[in-house]
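The structure appears below as C-alpha cells.
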Number of protein chains: 2
Amino acid sequence: MGASKSDSFSVEHNEMASLFKALSHPARIAIVDYLLTVDTCICGDIVNELPLAQPTISQHLKELKNANIIKGTIEGTAICYCINPDTIDKIENHFGVIRHKLKNKCC
Amino acid sequence: MGASKSDSFSVEHNEMASLFKALSHPARIAIVDYLLTVDTCICGDIVNELPLAQPTISQHLKELKNANIIKGTIEGTAICYCINPDTIDKIENHFGVIRHKLKNKCC
DNA sequence: TTTATATATCGTAATATTGCAATATATAAA
DNA sequence: TTTATATATTGCAATATTACGATATATAAA
C-alpha cells in the first residue's frame, strides 16, 4: 500500500487533513510567515528569502495555492502572493470547535 | 533528494510544521475527533471506529503521541488516550499571531 | 524582434509515508 | 500457568513527497 485510504473518511476530515498537509513543511510555514511580514502583497522575492531553489519554491507555492491558503495575482512579470483570510478562518474555526469540546472533558 | 531540508529552517518553523504533519492525515483527524466525542478518556475502541487495521491505527496513535497532540495512560490492558490541551493552545496561538498580522495587511 | 527577468513545468533521484500481515509484548482472568 | 484481550513492533510493498537541473512560458524593456 502507501496511498492513504481517503475514501474511507468523511469529506470534512479529508478537507482538514489537506489543509494541515499544506502546512506540514517548514518551507511552507516560512513562506506564510514571510508573506505576513512584508508590508505589501507584491512578493517577487520569496526565492531570495528561502534556502531552496526556484523550482522547489514554485512547487511549495503551488501546494499552498491548491490548498487555498494563499492567493496569487499577476503583476507584470512578477506574481503577487498573499494569504487567504477565509482559509485561516476555517482552520481557526476547527480549533475553536476542538477547544469547545475540550471544555466538557475529564482532562 | 527527497528529504526535507529541515536544518535550513528555524526551530519554530520546524516545530509548527511537525504539528501540522501530525494532523495531515484524515485518520489522525478522525482519531482526534473521536477522542473529543466520547465522554471519558477510556478509549480502547478506536480500532472499531475506524476503517483501518489495528497496526495502522497503532502507528497513527504513535505519531499523534510523538507530536504531543494526544497523551496515553495505561489502564489495565487498555490504554486511555486523550487530547493534550497544551498542544491545542500552541496551535491556536500560532493562528492568533497570523490573524493579528493579517489585520495590518492590504488583503 | 531581441534580451532580460520572473515564474512554471518536466523529469528524475532520494527519501518518507501509508497500510497491513505476522509477530511480539503485557496485563487480566480463568 | 494457561488463555484471552489490548496494544506495539517488525518487515515490506505500494505510493507520495521533496528537491533540483533543465527547460518552457510569458511579460517588460531595449
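Keep in mind it's a predicted model, so treat the numbers as computed, not measured. So that the names make sense, note that chain A is the first sequence line, chain B the second, and so on, each numbered from 1.
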Checking B:N14 side chain against B:F9 main chain: does a donor-acceptor pair fall under 3.5 Å?
->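 A pair under 3.5 Å: yes.
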
Figure out the [atom1]/[atom2] separation between [X] and [N], and round it to whole Å.
X	N	atom1	atom2	result
B:I79	D:dT9	CD1	C1'	13 Å
B:I74	D:dT7	CD1	C1'	10 Å
A:D7	D:dT15	CG	C1'	15 Å
A:R28	D:dT17	CZ	P	9 Å
B:D45	D:dT5	CG	C1'	14 Å
B:E75	D:dT5	CD	C1'	16 Å
A:I57	C:dA6	CD1	P	14 Å
B:L61	C:dT17	CG	P	17 Å

Could you tell me if the side chain of [Y] sits less than 4.5 Å from the side chain of [X], heavy atoms only?
X	Y	answer
B:D86	B:K90	no
A:I46	A:L35	yes
B:L36	A:L102	yes

Please confirm whether the shortest side-chain N or O distance from [X] to OP1 or OP2 of [N] is below 4.0 Å.
X	N	result
B:K65	D:dA8	yes
B:H60	C:dG19	yes
B:K5	D:dC20	yes
B:K62	D:dT7	no

Nearest listed nucleotide, side chain of [X], among [options]:
X	options	answer
A:S58	D:dG11, C:dA8, C:dA16	C:dA8
A:H25	D:dT17, D:dA19, D:dT7	D:dA19
B:Q59	D:dC20, D:dG11, D:dT7	D:dG11
A:P55	D:dA22, D:dT18, C:dA16	D:dA22
B:A53	C:dT7, C:dC20, D:dT7	C:dC20

Assign the ring pair B:H25 / B:H60 to parallel, tilted or perpendicular, where the plane angle (0 to 90°) is split at 30° and 60°.
-> tilted

B:F20/B:F95 aromatic ring centres below 6.0 Å =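 Yes, close enough.
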
Can a donor-acceptor pair under 3.5 Å be found between the side-chain atoms of A:Q54 and the base atoms of D:dC20?
-> no

Does D:dA28 have a Watson-Crick or wobble partner in any strand here, with both distances under 3.5 angstrom, and which is it?
->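 Across all strands, the one nucleotide that pairs with D:dA28 is C:dT3.
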
Who pairs with C:dT17 - Watson-Crick or G-U, where each distance is under 3.5 Å | D:dA14

When you match A:T56 and B:K21 each to their closest nucleotide on DNA chain C, which lands nearer the 5' end?
->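 By nearest-heavy-atom nucleotide position, the 5'-most residue is A:T56.
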
5'-most by nearest nucleotide on DNA chain C - B:P51 or B:G76 = B:P51

Most 5' of A:T77 and A:L52 on DNA chain D, judged by nearest nucleotide =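 Nearest nucleotide further toward 5': that of A:L52.
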
Please work out if B:S4 contacts a base, only the sugar-phosphate, or nothing of the nucleic acid, heavy-atom cut-off 4.0 Å.
-> sugar-phosphate

